[in-house]
Amino acid sequence: MFRVRFAPSPTGYLHIGSARTFIFNWLFARRHDGTMILRIDDTDAGRNTQTSEDSIFDGLRWLGLDWDEQYRQSERLDLHATLASKIFEAGHAYRDFTPAEEAAEKAHATGAATWLCNPDMRELPREESDRRAAAGEPFVLRFRVPREPVRDITFTDEVYGAQSKSTADIEDFALLRSNGLPTYHMASCADDADLRISHIIRGQDHLTNTFKHILIFDALGATAPRFAHLPLLIAPDGAKLSKRKHGPVVSVTTYRDAGFLPEAYINFLCLLGWNPKDDREKMSINEIAAIFSFEGINRSNAVVNFSDEDPIDPKALWLNSQHLYALPVDTLASRLEPWAAGAGWSPAPGQLLQIAPLIRERMKTFRDFASVADFFFLEPLPPFDPAELVPQKGDTAMAAKVLERAKTVLAAAEFTHDGLDQALRAAAAEIGVKAGQMFQPIRVAACGRKVAPPLFETLAVLGRELTLVRLDRALAMLRS
RNA sequence: GGCGCUAUCGUCUAAGGGUUAGGACGGAGCCCUCUCAAGGCUCAAAUACGGGUUCGAAUCCCGUUAGCGCUACCA
């Protein structure tokens with residue numbers, strides 16, 4: 001039985017890289033009927049905030065992906081302490097009484113040179129260590145990285161393959177801070193062992209940490225899980241995505257607020273660093289879950305292609321439009337409701353159902369809804385330049401003639417696609433203008449602009465009464 | 001600095017010894033067409049560099065360069 005976990009630390013909002021990590025874990029769990037665990041890694045009390053935790057849940061809720069078990073690291077401190085002392089008692093860790101300031105100074109003094117350990121502390125006799133601890137002297141518990149002799153720590157990453165690192169290059173890292181709280185390495189491994197995590201799927205920034213983690217699992221007498229590291233998401237400038245430097249593009253809420261379909265956004269994220277090995281692009285999460293495997297994950301970082309002018313990756317936009325188009329009309333209509341309300345409109349029952357098919361291929365995201373569908377809801381129309389009413393290769397007189405003729409024809413025509421098609425084409429022929437010259441003034445009169453959905457369907461939805469009112473108003477504009 | 005990882009069109013990627021190096025987004029053009037979209041077709045666009053191994057290298061090896069990561073009592 002496979003068990004995986006997503007372990008965010010609540011120190012910001014849900015980052016898109018974190019969201020992707022969650023998704024890949026979820027995919028792996030669902031693919032293998034495994035268990036998906038959400039664990040809040042909140043051992044750094046100083047940096048955690050409730051707001052951040054809320055925004056992580058908000059983000060996950062929007063994505064619509066579930067999990068099976070949930071834990072909070074701060075509620076498991078006893079376990080961490082117990083396992084840390086187990087490591088200490090087994091001789092795999094020692095107390096380092098060096099004051100924090102002094103340690104920082106020392107690290108500074110050596111420049112950026114590799115710091116391995118403080119031999120004085122590492123070799124401190126147990127009796128003295130016990131005595132000083134009993135006297136209340138603060139200490140950091142450090143892992144005693146085996147180095148006599150030096151040996152290689154190895155593991156096989158599911159994505160990156162065979163990995164190896166010499167213990168000569170691993171410093172004696174901290175397990176417990178001087179305030180008694182576990183470090184990330186300690187808490188994470190203790191929980192992973194206790195929760196019997198079978199696969200750790202996380203960002204590649206943890207690849208080198210894995211050697212330390214294997215050391216901890218060994219010291220604990222636990223079998224290390226399998227590891228799968230994911231290539232990172234980076235900015236176009238090659239830097240790691242950060243809020244400070246790149247702004248809101250790194251938050252999933254940006255995409256939610258931009259009117260993305262969560263399923264499309266998930267699709268987009270999946271295609272960053274993973275591919276199905278065929279040419280499929282638009283896929284549902286379930287389609288992906290059915291074929292997901294580590295083999296499809298590549299090893300180089302992926303750029304999220306945003307810019308100052310456009311904070312959204314064009315491919316994400318395209319994928320969203322594909323998902324939008326694939327939505328059944330009634331589903332689309334109901335998804336449109338909040339956006340109509342957000343624009344301040346109150347659609348009549350069934351109105352969105354009529355509008356949806358006319359605008360579905362004209363929206364990249366829901367945010368386009370307001371600008372694409374406004375004329376269905378605004379009455380009267382916002383002011384527009386009467387010159388817009390003039391057709392190609394025509395003049396004001398032609399516009400007026402067209403609108404006059406349209407009035408009489410539309411007063412009688414059947415308001416369906418075919419009825420309007422026949423009536424208006426016949427009218428154009430009668431007054432000697434081209435079809436396009438006939439349609440354009442009517443479109444502008446009815447929609448308030450030149451760019452709109454196809455005329456016949458649009459008029460059919462608008463209805464005879466409103467159409468005639470707008471034709472009259474346009475005619476009046478022309479005459480004034 | 002040390003250690004680790006990575007390197008195919010602008011971007012996401014396919015091709016794991018033999019291909020005119022394929023697809024997608026974006027860009028350009030054409031077609032379709034009542035405008036705009038959508039759709040169809042076409043074009044431009046890549047194996048970082050240098051050495052090997054091999055009959056043959058994007059693919060394997062070494063080096064260089066570049067990027068990223070780790071090097072905290074952050075995660």
Side-chain angles (χ1 to χ4, degrees), chain A residues 7-11 41-44 46-48 96 98-100 103-104 107 110-116 138-142 157 160-161 163-166 168-171 173-185 187-188 202-212 229 231-232 234 236-240 268 271-282 298-306 313-319 321 325 359-364 372 391-392 421 424-425 428 434-440 442-444 447 449-456:
Chain A
S9 63
T11 55
D41 276 11
D42 56 350
T43 53
D44 184 5
R47 302 194 334 162
N48 298 330
D96 180 349
T98 314
T110 49
T114 311
W115 175 95
L116 282 179
F139 62 87
V140 168
L141 188 72
R142 290 191 181 280
D157 189 89
Y160 287 87
Q163 301 294 314
S164 161
K165 184 166 180 163
S166 167
D169 295 315
I170 302 173
E171 75 284 0
F173 54 95
L175 256 23
L176 253 28
R177 299 133 120 134
S178 54
N179 64 5
L181 288 174
T183 60
Y184 160 72
H185 300 301
S188 179
R202 62 188 1 171
Q204 189 244 46
D205 48 344
H206 286 296
L207 190 61
T208 7
N209 285 333
T210 304
F211 299 103
K212 296 174 188 170
H229 287 91
L232 264 22
I234 58 177
D237 62 7
K240 193 172 164 179
F268 169 68
L271 257 17
L272 253 23
W274 174 86
N275 78 86
K277 299 288 181 188
D278 52 34
D279 286 335
R280 272 185 294 174
E281 302 266 11
K282 186 210 157 251
N298 62 22
R299 287 167 292 277
S300 47
N301 293 343
V303 172
V304 180
N305 198 13
F306 60 83
D313 190 315
K315 191 141 189 178
L317 236 30
W318 174 78
L319 266 174
S321 68
Y325 192 70
I359 59 169
R360 61 196 311 186
E361 63 239 53
R362 292 175 176 76
M363 295 187 292
K364 293 272 193 218
V372 169
Q392 279 284 305
D421 190 341
L424 291 176
R425 281 183 200 280
K434 292 185 175 170
Q437 291 174 314
M438 182 80 200
F439 301 155
Q440 196 65 357
I442 302 174
R443 167 179 294 112
V444 174
C447 304
R449 49 185 153 80
K450 288 179 172 171
V451 173
L455 188 61
F456 312 138

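Below, read A as the first sequence line, B as the second, and so on, with proteins coming before strands; counting in each chain starts at 1.
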Pull out every protein N or O sitting under 3.5 Å from an N or O of nucleotides 65-69 of chain B, one pair per line with the distance.
residue: C68(B); atom: O2'; partner: Asn301(A); partner atom: ND2; Å: 3.3
residue: G69(B); atom: O2'; partner: Asp205(A); partner atom: O; Å: 3.1

Sequence-distant partners of His206(A), ring-ring contact (aromatic ring centres under 6.0 Å, His included), two or more places apart:
Tyr184(A)
Partners meeting side-chain hydrogen bond (donor to acceptor under 3.5 Å, both in side chains) with Asp157(A) (sequence neighbours left out)
His229(A)
Scanning all shown strands, the Watson-Crick or wobble mate of U20(B) with both distances under 3.5 Å is none
Under the rule for side-chain contact (heavy atoms from CB on, under 4.5 Å), what residues qualify as partners of Ser164(A), not counting sequence neighbours?
Asp152(A), Thr154(A)
Which residues share a side-chain contact (heavy atoms from CB on, under 4.5 Å) with Lys434(A), sequence neighbours left out:
Gln437(A)
Now, which nucleotide makes the Watson-Crick or G-U wobble pair with C41(B), with each of the two distances under 3.5 Å?
G29(B)
With a non-hydrogen cut-off below 4.0 angstrom, is His185(A) in contact with a base, only sugar-phosphate, or nothing?
base
Separation between the P atoms of C31(B) and U13(B), rounded to whole Å:
36 Å
As its Watson-Crick or G-U partner within any shown strand, both distances under 3.5 Å, A48(B) has U64(B)
Do the side-chain N or O atoms of Asn209(A) get closer than 4.0 angstrom to the phosphate oxygens (OP1, OP2) of C70(B)?
no
With heavy atoms under 4.0 Å as the rule, sort Arg360(A) into base, sugar-phosphate or nothing.
nothing
How far does the C1' atom of A46(B) sit from the matching atom of A15(B), given to the nearest Å?
13 Å
Please write out the pairs of protein N or O atoms and N or O atoms of nucleotides 32-34 of chain B separated by less than 3.5 Å, giving the distance to one decimal.
residue: C34(B); atom: OP1; partner: Arg425(A); partner atom: NH2; Å: 3.0
residue: C34(B); atom: O2; partner: Arg443(A); partner atom: NH2; Å: 2.1
residue: C34(B); atom: N3; partner: Leu455(A); partner atom: N; Å: 3.3

Taking the side chain of Thr183(A) as its heavy atoms from C-beta onward, which of A14(B), U11(B), A75(B) lies nearest to it?
A75(B)
side-chain contact (heavy atoms from CB on, under 4.5 Å) partners for Asp278(A), two or more places apart:
Pro276(A), Arg280(A)
Categorize Gly203(A) for me: base, sugar-phosphate, or nothing, with a 4.0 angstrom heavy-atom threshold over every strand shown.
nothing
Euclidean distance for P, C43(B) against C25(B) (whole angstrom)
15 Å
Polar atom pairs between nucleotides 23-27 of chain B and protein, under 3.5 Å, N or O only, would you list them?
residue: A24(B); atom: O4'; partner: Glu281(A); partner atom: OE2; Å: 3.0
residue: A24(B); atom: O2'; partner: Glu281(A); partner atom: OE2; Å: 3.2
residue: A24(B); atom: O2'; partner: Lys315(A); partner atom: NZ; Å: 3.4
residue: A24(B); atom: N3; partner: Lys315(A); partner atom: NZ; Å: 2.9
residue: C25(B); atom: O2'; partner: Lys315(A); partner atom: N; Å: 3.3

Does A38(B) have OP1 or OP2 under 4.0 Å away from a side-chain N or O of Arg362(A)?
no
Under 4.0 Å between any heavy atoms, over every strand shown, what does Gln437(A) touch: base, sugar-phosphate, or nothing? Just pick one.
nothing
The side-chain contact (heavy atoms from CB on, under 4.5 Å) partners of Lys364(A) (sequence neighbours excluded) come to Leu317(A), Ser321(A), Asp368(A)
All ring-ring contact (aromatic ring centres under 6.0 Å, His included) counterparts of Phe439(A), not counting sequence neighbours:
Phe456(A)
Sorted by chain and residue number, the salt bridge (Lys or Arg N to Asp or Glu O under 4.0 Å) partners of Asp313(A) (sequence neighbours excluded) come out as none
If the P atom of A57(B) is compared with that of G16(B), how far apart are they to the nearest Å?
16 Å
Are OP1 or OP2 of U8(B) and a side-chain N or O of Arg299(A) less than 4.0 angstrom apart?
no
So Val140(A), base contact, sugar-phosphate only, or nothing? Heavy-atom distance under 4.0 Å.
base
Check step by step if salt bridge (Lys or Arg N to Asp or Glu O under 4.0 Å) holds for Glu171(A) and Lys212(A).
CA-CA 9 Å; Glu171(A) 75 284 0; Lys212(A) 296 174 188 170; 2.8 Å; yes
Using nucleotides 43-45 of chain B, report all nitrogen or oxygen pairs with the protein that are shorter than 3.5 Å.
none

Checking all strands, does Asn298(A) fall into the base, sugar-phosphate, or nothing category for heavy-atom contacts under 4.0 angstrom?
sugar-phosphate
